Amino acid sequence: MCGIVGIVSKGSANQAIYDALTVLQHRGQDAAGIVTTEQGRIHIRKKNGLVRDVFQRRHMLKLTGNMGIGHVRYPTAGSSSKEEAQPFYVNSPFGICLAHNGNLTNADRLADTVVKADRRHLNTNSDSEVLLNVFAHELQQLDTQNPGAEEFFAALSGVFRRCQGAYAVIGLITGFGVIGFRDPHGIRPLVIGYRDAEGGREHMLASESVALDALGFTLLKDVAPGEGVFIDAQGALHTRQCVEPKAHSPCIFEYVYFARPDSIIDNISVYKARLRMGEALADHILSVRPDHDIDVVIPVPDTSRTSALQLANRLGVKFREGFIKNRYIGRTFIMPGQTLREKSVRRKLNAIDLEFRKKNVLIVDDSIVRGTTSRQIVDMAREAGARNVYFASAAPPVRNPNVYGIDMPAASELVAHGRTEAEVQEIIGADWLVYQTLPDLIAAVQHDNAAIRDFDSSCFSGAYVTGDVTQDYLDVIESRRADKVRSKRDSHHRGAPIAAEVV
């Protein structure tokens, strides 16, 4: 999962891009990058680390120009090496930079074609670099010296024809403008907004509407599946449906976990969706345990808080903050290595004994992935004196890997993969475990917008919406995402030479 942003402004764009990336930091904490352009020159700064650490004053002063793009990353099937920090750049044609959120399911085949048929060079293993070179090749084939919106959209049609999987993309074309597009299923989010400034209207593309809000932009629309958006250097907005959209199927895990609650994605409020998840889960609990003995509901901070509060209200029991979070520890399920994840859980959360002692506690989390965090949270509740520890997940069992840009682990490392709910309950050590049902989750999310009938819920259902995910492909994902493989690969990259940074 990554966060992307692109701006064409009437003044300097660097501060606006920086501010937007800080708002999108929850989407990626591994690396950050900004590219701007001025008078035909590209200025770039990218490095591993948080936004606040990557960009110092001396870097920002060199990121001049009124248009640019930015990216925050955590790695998916790739490594977390510095070479794969985005945006990526190619000098031909025109000088193009690209920031990508998602994952191409045909990246390996595309990479082979890009090198052998398109005769372009790839410097990393990132599918984002492959996507950039596909776009560059399609644009170069048009053989024009002064392209406009029509030519850029024609090039995008070639990208849509060749690329499969999930992708929300923002690109910077030196001297011409900023382009954005979204895969034909609309799996990954992308929004566009505007604000009126001295000198005219400014436009901004971003992964989530909250980035627009923070900078005073008004949400114009979600970029439609298969749609291209081009903001030219003068700030004019051009849009085109570049390919026939398929069934609009946004990733449901955005609403469960990844997106900020104050975002609106595809006209659906993330916050309200999570409220409805809590209501649905409470109704499910009442149906299977009408005579429950729950004394208190306690959320695992932060993303489960909204669902847990509504669940407690529905059950008519107390809601309490029983865990205090250290906000300087990253998300544990995306951390490399089981040992590091297990250590970080204890550093991240601390239990307030008074809220647990001699009580039957229902702990609510947004989801259960590896089970590592859940098991340690249950242990912490018992150590704090809980009489019984019940555990509720606002999402169904995660039984399958996500192949569309969320760095869920290999299937063999998912605690619910190949196991019953009773077996998962035993593994995490809870006295009772309850999951949200998939139909209830879908109903909770789609409530605001009946136009969206489908979601990508493949990590729960195993049904991949692009229709091209085979068992052979899943086996490849398994081989790349296993902890032992990733640890070995990242160790190798730490000793590799690093490409020079411009800023």
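All values derive from a computational prediction rather than experimental measurement. Numbering of residues begins at 1 and proceeds along the displayed sequence.
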Q) According to the salt bridge (charged side-chain N to carboxylate O under 4.0 Å, His left out) rule, which pairs have a member within residues 282-291, sequence neighbours left out? A) Asp283-Arg314
Q: I would like to know whether Glu279 and His284 meet side-chain hydrogen bond (donor to acceptor under 3.5 Å, both in side chains); could you show each step before the answer?
A: CA-CA 9 Å; Glu279 292 175 356; His284 181 57; over 6 Å; no
Q) Taking only residues two or more places apart in sequence, or in another chain, which ones meet Tyr404 in a ring-ring contact (aromatic ring centres under 6.0 Å, His included)? A) none
**Q.** Within 6.0 Å of OH in Tyr473, more than 12 heavy atoms from elsewhere
**A.** yes
Q.
For Ala247 versus Asp454, what's the shortest heavy-atom pair and its separation?
A. CB-OD2, 4.0 Å
Q: Return the minimal non-hydrogen interatomic distance between Gly3 and Ser207, and the atom names on each side.
A: CA-OG, 3.5 Å
Q.
Minimum heavy-atom separation for Val469 and Thr466, please, with both atom names.
A. CG2-OG1, 4.0 Å
**Q.** Residues that Ser458 engages under side-chain hydrogen bond (donor to acceptor under 3.5 Å, both in side chains), provided they are two or more places apart
**A.** Asp456
Q.
Under the rule for side-chain hydrogen bond (donor to acceptor under 3.5 Å, both in side chains), what residues qualify as partners of Gln425, not counting sequence neighbours?
A. none
Q | side chain to side chain contact (heavy atoms under 4.5 Å, CB included) against Ala32, all qualifying residues, sequence neighbours excluded | A | Val51, Val54, Phe55, Val72
Q) What's the spacing between Phe460 CZ and Asn400 CG if we round to 0.5 Å? A) 10.0 Å
Q.
According to ring-ring contact (aromatic ring centres under 6.0 Å, His included), who are the partners of Phe323, at least two apart in sequence or on a separate chain?
A. Phe356
(Q) Restricting to non-hydrogen atoms, name the atom on Gly165 and the atom on Ile187 that form the minimum distance, rounded to 0.1 Å. (A) O-CD1, 4.2 Å
Q: Please assess Asp53 against Lys47 for the test salt bridge (Lys or Arg N to Asp or Glu O under 4.0 Å), listing each intermediate value before the final yes or no.
A: CA-CA 9 Å; Asp53 299 321; Lys47 187 179 179 182; over 6 Å; no
Q: State which residue, out of Gln241, Arg182, Lys221, fulfils the side-chain hydrogen bond (donor to acceptor under 3.5 Å, both in side chains) condition with Glu227.
A: Lys221
Q | Any donor-acceptor N/O pair, Asn106 side chain to Leu110 backbone, under 3.5 Å | A | no
Q: For the pair Glu254 and Arg27, find out whether any cationic side-chain nitrogen is under 4.0 Å from an anionic carboxylate oxygen.
A: yes
Q: Grab the two heavy atoms, one from Leu104 and one from Leu131, that are nearest each other, plus how far apart they are.
A: CD2-CD1, 3.8 Å
Q) What heavy-atom pair brings Arg399 and His417 nearest, and what distance separates the two atoms? A) O-ND1, 2.7 Å
Q: Just jot down the side-chain hydrogen bond (donor to acceptor under 3.5 Å, both in side chains) partners of Asn133, sequence neighbours excluded, or say none.
A: Arg120
Q: Working to the nearest 0.5 Å, report the span between CG of Asn267 and CG of Asp222.
A: 7.0 Å
Q: Please identify each residue that fulfils side chain to side chain contact (heavy atoms under 4.5 Å, CB included) with Thr124, with sequence neighbours left out.
A: Glu83, Glu84, Phe88, Ser126, Glu129
Q: Just jot down the side-chain hydrogen bond (donor to acceptor under 3.5 Å, both in side chains) partners of Asn350, sequence neighbours excluded, or say none.
A: none
Q: Kindly determine whether Gln436 and Ser393 satisfy side-chain hydrogen bond (donor to acceptor under 3.5 Å, both in side chains), including the steps that lead there.
A: CA-CA 6 Å; Gln436 184 89 266; Ser393 169; over 6 Å; no
Q: Check each of Leu24, Asp213, Val210 against Arg260 using the side-chain contact (heavy atoms from CB on, under 4.5 Å) test, and report the only one that passes.
A: Val210
Q | Listed partners of Gln446 passing side chain to side chain contact (heavy atoms under 4.5 Å, CB included), at least two apart | A | Ile442, Arg453, Phe455
(Q) I need the Arg73 CZ to Gln86 CD distance, nearest 0.5 Å. (A) 7.5 Å
Q) When rounded to the nearest 0.5 angstrom, what is the spacing between CZ in Arg375 and CZ in Arg370? A) 11.5 Å
Identify each donor-acceptor pair in which a side-chain atom of residues 360-369 lies under 3.5 Å from a protein atom, sequence neighbours left out, and give them as a table.
residue, atom, partner, partner atom, Å
Asn360, OD1, Asn388, ND2, 2.9
Asn360, ND2, Asp293, O, 3.1
Asn360, ND2, Asp293, OD2, 3.3
Asp366, OD2, Thr303, OG1, 2.4

**Q.** Those residues that, when tested against Arg161, pass side chain to side chain contact (heavy atoms under 4.5 Å, CB included) (two or more places apart)
**A.** Glu138
Q. Thinking salt bridges, do Asp468 and Arg109 make one under a 4.0 Å N-O criterion?
A. no
Q.
Between Lys325 and Asp302, does any side-chain N to carboxylate O distance fall below 4.0 Å?
A. yes
(Q) As an exercise, state the distance from CD1 of Ile265 to CZ of Arg188, rounded to the nearest 0.5 Å. (A) 9.0 Å
Q: Name the orientation class of the two ring planes belonging to Phe253 and Phe258 (parallel below 30°, tilted from 30 to 60°, perpendicular beyond 60°).
A: tilted
